[in-house]
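We use all heavy atoms of the structure for the numbers below, so side chains are in, but hydrogens, waters and symmetry mates are not.
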Amino acid sequence: MKSPRPIRKVVIAGRDIAVWLSANVLMRALGDTGLTVEVVEMPGYLRSHDVIGALPPLQGLHHLLGIDEHELLKAVSGAYSLGQRYVNFAGSRPSFFRAYGAHGAPIGGAPFLQHYIQARHKGLKVAFEDFSLAASAAKQGRFFVPDATLSAFHDSQYGYHMNALVYAQVLKNAALRQGVAHIRAHDVSAERRDDYITYLTLSDGRRIDGDFFIDASGADGRLIGGETDSWSAWFPDNRILTVAAEKLTPLPTHAQAIALQGGVLHMAATQDATGLAHVYHADDMDDQQALDLAITIANLRPVSQATAGPLQVGRRRKPWRGNVVALGEAACVFHPIDQVSLHALHLGLVHLLSLFPLNSAFESDAEEYNRLTQEAYEGLRNYQISHFKLNRNLDQPYWDGARNMPIPPELQMKIDLFKACGRILMFDEETFEEEDWASIFFGHGLLPERWDRMCERTPQEVVINQFRQMLGFIREQVEGMSSHEAYIEIYAARNFV
Amino acid sequence: MNNAAIRNIVIVGGGTSGWMAAALFARSLGLVNYTITLVESEDIGTVGVGEATIPPIGFFNRALGLDEDIFVKETQATFKLGIEFVDWKTPGSRYIHPFGSYGVDMDGASFHDFWLRYWRDGGNPDIGLFNIETMAAKANRFGRARGANTPMLNYAFQFDAGLYAAFLRRYAEARGVVRKEGRIVRVEQHAESGFVEAVVCEDGSRIVGDLFLDCSGFRGLLIEQTLKAGYEDWSAWLPCDRAVAVPSEHSHLETGEMAPIPPYTRATARGAGWQWRIPLQHRVGNGYVFCSRFIHEDQACEQLVGSLNGRALKDPKILRFTTGHRRRMWDKNVVALGLASGFLEPLESTSIHLAQLGMSRLLSMMPKREFNPTIIRQYNDMMLFDYVNVKDFLIAHYKVTEREDTPFWRHCRHMDIPDSLKARLEIFAEQGHASVVSTELFKESSWFAVLFGQGLQPRDYSPIADAISLNDLKQRMAKLRTDLQDRLRALPQHDAYIAAHCQASATDMERART
């Protein structure tokens, strides 16, 4: 047994956003420790019309990477997003929002959520989302940057919709500026000793050595290999069609998921186009029908060629195997609902950094990484599953099936506990927080049977008065906000010099 | 006797300023105690370069009690929200100098300061996003409605100067102004004082007066030819000395398509000067103002006609002028108005305004027959103040440029400029203010529009603009923009607005075109 070798060179092989975001993060975090980062770039899968959605935490990552928000949005035709809207998931109930940020404020030491449950039992008709500044703003196409005066009530954040191909290019330019070494290859194959990659052989025969490898090659996992766990039990559709449609006017401040008879249509608006992603089952319709349906439902003219391909959701059982870590779709493929893919890549990188090995003795790091990311990815997945499980589209076979399917026990516990007493059971490594869960639970029509006894300490008139004040505050704030279009136009318009 | 009030007012010349003066004096003084006679000859053409106006024309119309819609119909007018400057900073550049200001002042600092901070922070460099007149101009929209919390648009008119003079003539004659047709062959002066006593026409008729308004145009029949008031030549700073003008059709020469009528004037920089485009209801007024040292008249005509989108309706007409002003615009009992008092090229549509300013100032300072010299001096000082400031503003358009592509532009960019302007440009470059005093015609927002539009970028702004948080600034700017977008959406199309309120009849249009 040799003594552990130091890790001096990381080779990132892959394509598109995953390869370049990884390069940026590793270079920023570890570049000045003497670590060398080399990228082997493979031909991209992204098409010029693809739109990628980002959840609020990406803001923080960009900040660390020194990427200026306005400059980025100008480049990627970016738009802001204050949340997601779900249409047709809850039968005859209205569509609903999951807004980023807080809902209401605590009253008399008890969480707002508990007071809300109590009030609903006492006849309140106002939707949970109406207590969210972000949801109220999004409904009116408004946008705001949270500031100090709002933070007491509202820790709102925002995500983005970006042209994916240009975003990858922006990341690539940033990585190259930082001195990441870069070579191109049509394909790569890994030479292994046991689970350890000794070097990569490129399709042109060149050999690339490295101490540590990152597989950012997409769902194929060209380097990582190994077994995958399919999630198709919960997401039965197996094809995805993407197409860009004309831009939406006024420009919405949210993404939208629409439940179709046998699938889901996802819409994400950028400054100059609307990215449509239609998920369906190949047995139900061909790709042309899928396109026609997407266009009809979105009611927008297509402005690009459509592309369709298989969608196999699931995760790599061991995303860290030997001296290679899989990131992005090489590690996990998600359904497009909730726009979690980019965030999963972000999480993978964060966990990798926190466990990044000094030398080749990293079995325990790998084990911990695999445990953490499994929890993180499955947490995201469970949130997605809940949209299907909790649907109220009665007498539609696709949706009846989803409603009756068995779900992962963690999710079942979470739903059961909420129904019983309005508590949200939180597991480690979950991205979505209590209010994210509460929004969709209420949106889908759940109402807990009980509420926290703490609420009883505050007289009802006080609670009613507080509710009124919150709603009034939100109304006032939203009136004072600018339209999303105006904000973009004066800060981040694509065409400005 | 000398102390008696003026009774007889004689206006020499019946162009735009002559009839404006006749109408205003008839309306303001009445003809009980006064006689007003206007002498003009149909043989002498009028110049009428200034077909575009600026918002103070509204005061003039209101002083006359005009029904604006009738006025617009009668003069084939369109509405004007500003001037678009094309190719001035560099070929391909454009900006709008709008009527009305940018944004709103906040927390004691001007909007310009906040905007500069916003722009320095990476904001959109188009300040026109914060001005409703600019937005409406670009979108070809116009309306006069006033919202609950929103002011009216600031606007002026673009009209046919010949029809305007005819319209005012009807107005003035209906109120008792006597028009005398005839060419003036002699001017009689008091032997000692030199005061003008009468003008004598070809037919021998003699028109006596106490006060003479010289509206005879460039030649200054009374002010210069008779009184030798002297002329201050400003062509060292504003070298253009010719204009060629030609009206054209709205419809496109080849396609026949009618583009929407824009609610603004366009001034496009050319190789040796600049070209105006003034859209009226029945036709488009075009002209090339140039410097004869840099281009031949024939060439200028050719270039103008070649640039037209629509068919030319007349032969190009050449006008020759020397930029500058009469040293004494008011001398003895003669007040020069319009071109007789001076000439500044119509780049900022100031010709009619300066005439209007002169006559309304004269009214408010109406002398007795003794003609108190202090009043005269005061009037001349005030008029000169306006001429100087307008002149400086015009020079800035030529001086502040990045163009070096023709000898004319190289000359302009490197020419010496008046100290008064030099100081302004320096202060603007330093902190974004043009040091405008309140009595000046062109306010800070006009200087900002033009200087920034021509490429002069202030290095700094008022520290007051740093007192609010960046986030707060962002929200305010975005909210301002949102409110303006809402206002814009509420405005009708300019064409449609004219059609609904003040369109000239088809026969009038045809008659006026030809």
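- Ranked by non-hydrogen atom pairs under 4.5 Å with chain A, the options B:G122, B:G123, B:A478 are led by B:A478.
- In this structure, CZ in A:F143 is found 15.5 Å from NZ in B:K479, a value given to the nearest 0.5 Å.
- With rounding to the nearest 0.5 angstrom, the CE atom of B:M477 is 12.5 Å from the CD atom of A:E489.
- Applying the 6.0 Å contact sphere to NE2 of B:H252 captures more than 12 heavy atoms from other residues, nucleotides or ligands.
- Using a distance-only test at 3.5 Å, with no hydrogens or angles considered, no donor-acceptor pair links the side chain of A:S483 to the main chain of B:T482.
- More than 12 heavy-atom neighbours from other residues, nucleotides or ligands sit within 6.0 angstrom of CD on A:Q469.
- Side-chain contact between A:Y487 and B:K474: present, with at least one pair of heavy atoms (C-beta onward) separated by less than 4.5 Å.
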